[in-house]
Amino acid sequence: MVSIGEILKGRHTGKVVELRGWIYRTRTVGGKAFVVIRDATGILQATISRDAVSPEAFQAAEKALIESAVVVHGKVVADKRAPGGYEIQSDDFKVVHFAEKFPIQEDLSEEFLLDVRHLWVRSQKMTGIFRVRHTVFGAVHEYFREHGFWEVQPPMITPAGSEGGATLFEVDYFGRKAFLTQSWQLYAEALVLAMEKIYYVGPSFRAEKSRTTRHLTEYWHAEMEEAWVGMDAVIRHAEGVISQACALVAEERVEEIVALGRTPEFLKAVKPPFERMTYDEALKVLKAKGIEVEWGKDLRTLEERALTEGKSKPVIVTHYPRVSQAFYKARDPKHPDLVLGFDVIGGDGVGEIVGGSERETDLETIKKALLEQGEDPKAYDWYLDSRRFGSVQHAGFGMGMERLIQWICKLGHIRDAVPFPRTPGRFSP
RNA sequence: GCCGUCGUAGCUCAGUCCGGUAGAGCCCCCGACUGUUAAUCGGGUGGUCUGCGGUUCGAAUCCGCACGACGGCGCCA
């Protein structure tokens with residue numbers, strides 16, 4: 001049994017092989033059937049001639065519809081007339097399963113493809129993205145483990161939120177209200193005083209009806225937290241993990257990214273340091289571009305696009321105004337109006353890939369910040385123990401895995417960065 | 001939360017403004033063709049026009065309500 005990928009590399013030319021896969025396209029011309037077969041490694045044409053196989057085999061080749069599962073036996077030859085340059089001249093052709101009429105043809109609407117997502121995942125485009133996703137996830141784990149971080153998991157079911165504004169999915173916990181996690185933040189800050197350098201890659205949930213090309217309600221979050229360091233150290237880790245993921249994809253997923261419109265050279269060039277600017281500097285850059293932003297307002301899609309326009313690496317913005325920032329972010333000792341927080345902003349409309357900060361260590365300051373945001377400090381009492389028992393400087397960030405994949409693969413919509421996307425309008429299939 | 005677009009055959013759409021009883025291409029089925037590349041050519045099957053209500057002799061078409069989806073903004077990763 002051989003794979004199509006091996007045949008396309010010329011490893012079996014001239015040999016008689018057996019190949020199994022699914023029908024991608026069929027065409028018949030008189031006494032010849034051309035059956036294009038796909039497997040997990042590529043697509044290849046099998047030629048079935050009436051005179052070369054049994055009548056049953058020929059009839060099966062003529063009748064089998066797209067996505068039928070087949071086993072083909074024959075000689076591999078190089079032939080310019082075949083798509084891809086190679087084909088199998090069959091001496092036997094068996095259908096393992098005759099598929100029903102496959103609903104996916106040409107001319108498909110985005111909406112229909114989402115309805116039949118469970119079938120669309122078989123497409124060349126989707127499987128290519130999934131392979132890149134595999135590589136990106138591997139790179140993230142490798143990066144943190146190589147740098148001495150412990151992988152540790154927070155709970156998914158939580159008693160309350162961590163970031164005030166963001167909405168939570170409510171679950172019925174034996175008659176009591178519980179919520180799906182939107183960040184490991186509170187748990188990370190408890191664990192970082194135990195393990196010092198920790199990371200986690202897992203799902204996060206946001207019940208926000210964000211109808212954009214870069215929001216999912218369920219997404220994979222890579223989060224890290226480190227003790228005894230400030231914002232600068234974790235910015236370097238953010239640059240490091242992103243560049244390592246890009247480098248590994250450039251090395252191992254060349255075919256896939258080229259098909260998606262990215263070159264390996266582009267990804268290889270994504271090396272630290274990234275361009276860095278403070279929020280105040282960003283406002284000046286925007287003003288020069290004719291975009292006025294009132295100080296204190298967060299950077300919106302429009303502004304993020306303007307900042308990354310023409311840039312081949314992500315851009316880092318630091319020192320945001322304290323107003324409307326999460327309560328656990330540390331204020332800048334030099335400028336109490338600012339927080340020691342940062343975002344890593346990707347181009348091509350992907351926007352914020354990473355958001356992070358140094359964390360506030362002072363108990364009273366955090367309590368005050370909670371009150372300012374309308375939260376009851378009593379609900380956070382267990383979390384505040386991290387500021388009662390050996391509170392030390394620490395910092396961390398959260399990275400949207402699908403946003404990173406979207407940026408690497410140059411995807412127009414984040415939902416294609418995950419096999420079965422969850423968006424406000426859809427949670428099926 | 002705000003704004004916009006759309007819903008007709010398995011799929012992609014026309015028909016809706018100007019009401020008269022449902023169309024095209026692809027898919028699929030049958031036939032022809034021994035090198036096709038989304039093959040081609042001939043024939044055929046296929047529809048509660050999203051749902052409910054209203055106006056009308058008559059509604060896919062006009063009016064109202066509902067449902068569903070897609071797109072953009074805000075918020076975030």
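Lettering follows sequence order; numbering is per chain, from 1.
Following rounding to the nearest Å, A:Leu113 (CG) and B:rC11 (P) show an atom-to-atom distance of 12 Å. When the C1' atom of B:rC28 is taken as reference, atom CD of A:Glu67 falls 16 Å away, rounded to whole Å. Atom CZ of A:Arg25 is separated from atom P of B:rU40 by 13 Å (rounded to the nearest Å). A:Ile66 has its CD1 atom 11 Å from the P atom of B:rC29, to the nearest Å. A:Glu62 places its CD atom 17 Å from the P atom of B:rU36, with the value rounded to the nearest Å. What separates CZ of A:Phe342 from C1' of B:rC76 is a distance of 15 Å, to the nearest Å. In this structure, A:Glu100 places its CD atom 20 Å from P of B:rG46, rounding to the nearest Å. Distance A:Lys80 NZ to B:rU36 P: 14 Å, rounded to the nearest Å.
Within the structure, the ring-ring contact (aromatic ring centres under 6.0 Å, His included) test picks out the following pairs touching residues 196-219 of chain A (sequence neighbours left out): A:His141-A:Tyr199, A:Phe144-A:Tyr199, A:Trp184-A:Tyr200, A:Tyr219-A:His221.
The pair A:Lys311-A:Asp348 does not count as a salt bridge, with every side-chain nitrogen at least 4.0 angstrom from each carboxylate oxygen. Classification of A:Lys329 and A:Glu360 as a salt-bridged pair fails, no side-chain N sitting under 4.0 Å from a carboxylate O. A salt bridge does not link A:Lys284 with A:Asp280: every distance from a Lys NZ or Arg NE/NH1/NH2 to an Asp or Glu carboxylate oxygen is 4.0 Å or more. Classification of A:Glu67 and A:Arg38 as a salt-bridged pair holds, one side-chain N sitting under 4.0 Å from a carboxylate O. Of the charged side-chain nitrogens involved, at least one lies within less than 4.0 Å of a carboxylate oxygen, so that A:Arg426 and A:Asp115 count as a salt-bridged pair. Looking at A:Asp92 and A:Lys94, a side-chain N of the basic residue comes within less than 4.0 Å of a carboxylate O on the acidic one, giving a salt bridge.
In this structure, B:rG46 forms no base pair with any nucleotide, since neither Watson-Crick nor G-U wobble geometry is met with both distances under 3.5 Å. As the counterpart of B:rG35, no nucleotide is assigned, since no Watson-Crick or G-U wobble pattern has both distances under 3.5 Å. With both pairing distances under 3.5 Å, B:rA77 is matched to nothing as a Watson-Crick or G-U wobble pair. The nucleotide B:rC2 finds its pairing partner in B:rG72, both defining distances of the Watson-Crick or G-U wobble pair being shorter than 3.5 Å. Base pairing of B:rC57: its partner is B:rG20, meeting the Watson-Crick or G-U wobble criterion (both donor-acceptor distances under 3.5 Å). Pair assignment for B:rC11: B:rG25, on the basis of Watson-Crick or G-U wobble contacts that are both within less than 3.5 Å.
At the heavy-atom level, A:Lys297 lies nowhere under 4.0 Å from the strands shown. Residue contacts for A:Ala33: at a heavy-atom cut-off of 4.0 Å it reaches no nucleic acid atom on any strand shown. Here A:Asp298 lies in heavy-atom contact (under 4.0 Å) with sugar-phosphate atoms only. Among the atoms of the strands shown, none is found under 4.0 Å from any heavy atom of A:Val36. If you check every strand for non-hydrogen atoms under 4.0 Å, A:Gln325 touches nothing. Residue A:Glu87 is classed as a base contact, given a heavy-atom separation below 4.0 Å to a base. Residue A:Phe34 is classed as a base contact, given a heavy-atom separation below 4.0 Å to a base. Across all strands, A:Gln45 comes closer than 4.0 Å to base atoms (heavy-atom distances).
In terms of polar N and O atoms assigned as donor or acceptor, the side chain of A:Arg403 comes within less than 3.5 Å of the base of B:rC76 in a complementary pairing. Remark: the A:Lys101 side chain and the B:rC27 base include a donor-acceptor N/O pair separated by less than 3.5 Å.
Comparing B:rG7 with B:rU61, their P atoms are spaced 12 Å from each other, to the whole Å. Using P as the reference atom, B:rG54 and B:rC41 are 49 Å apart when rounded to the nearest Å. Taking the C1' atom of each, B:rA59 and B:rG19 are spaced 6 Å apart, rounded to whole Å. Across the P atoms, B:rG20 and B:rC62 are found 11 Å apart, a figure rounded to whole Å. Spacing between B:rG58 and B:rA14 at atom P, rounded to whole Å, works out to 29 Å. A distance of about 28 Å separates the C1' atoms of B:rC11 and B:rC52, rounded to the whole Å. Across the P atoms, B:rC67 and B:rU21 are found 34 Å apart, a figure rounded to whole Å. Nucleotides B:rU8 and B:rA22 place their C1' atoms 9 Å apart, quoted to the nearest Å.
You'll find the ring centres of A:Phe327 and A:Tyr380 inside the 6.0 Å limit. Less than 6.0 angstrom separates the ring centroid of A:His147 from the ring centroid of A:Tyr143.
Checking A:Phe102 against A:Gly30, the closest nucleotide of RNA chain B that is more toward the 5' end is the one next to A:Phe102. Positionally, the nearest nucleotide of RNA chain B for A:Phe112 lies more toward the 5' end than for the other of A:Lys32 and A:Phe112.
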Base-contact (B) and sugar-phosphate-only (S) positions in nucleotides 69-74 of chain B, heavy-atom cut-off under 4.0 Å, - elsewhere = SBBBBB

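Residue A:Ser109 places at least one side-chain N or O under 4.0 Å from the OP1 or OP2 atom of B:rU12.
For the pair A:Arg422 (side chain) and A:Leu216 (backbone), a donor-acceptor distance under 3.5 Å is absent.
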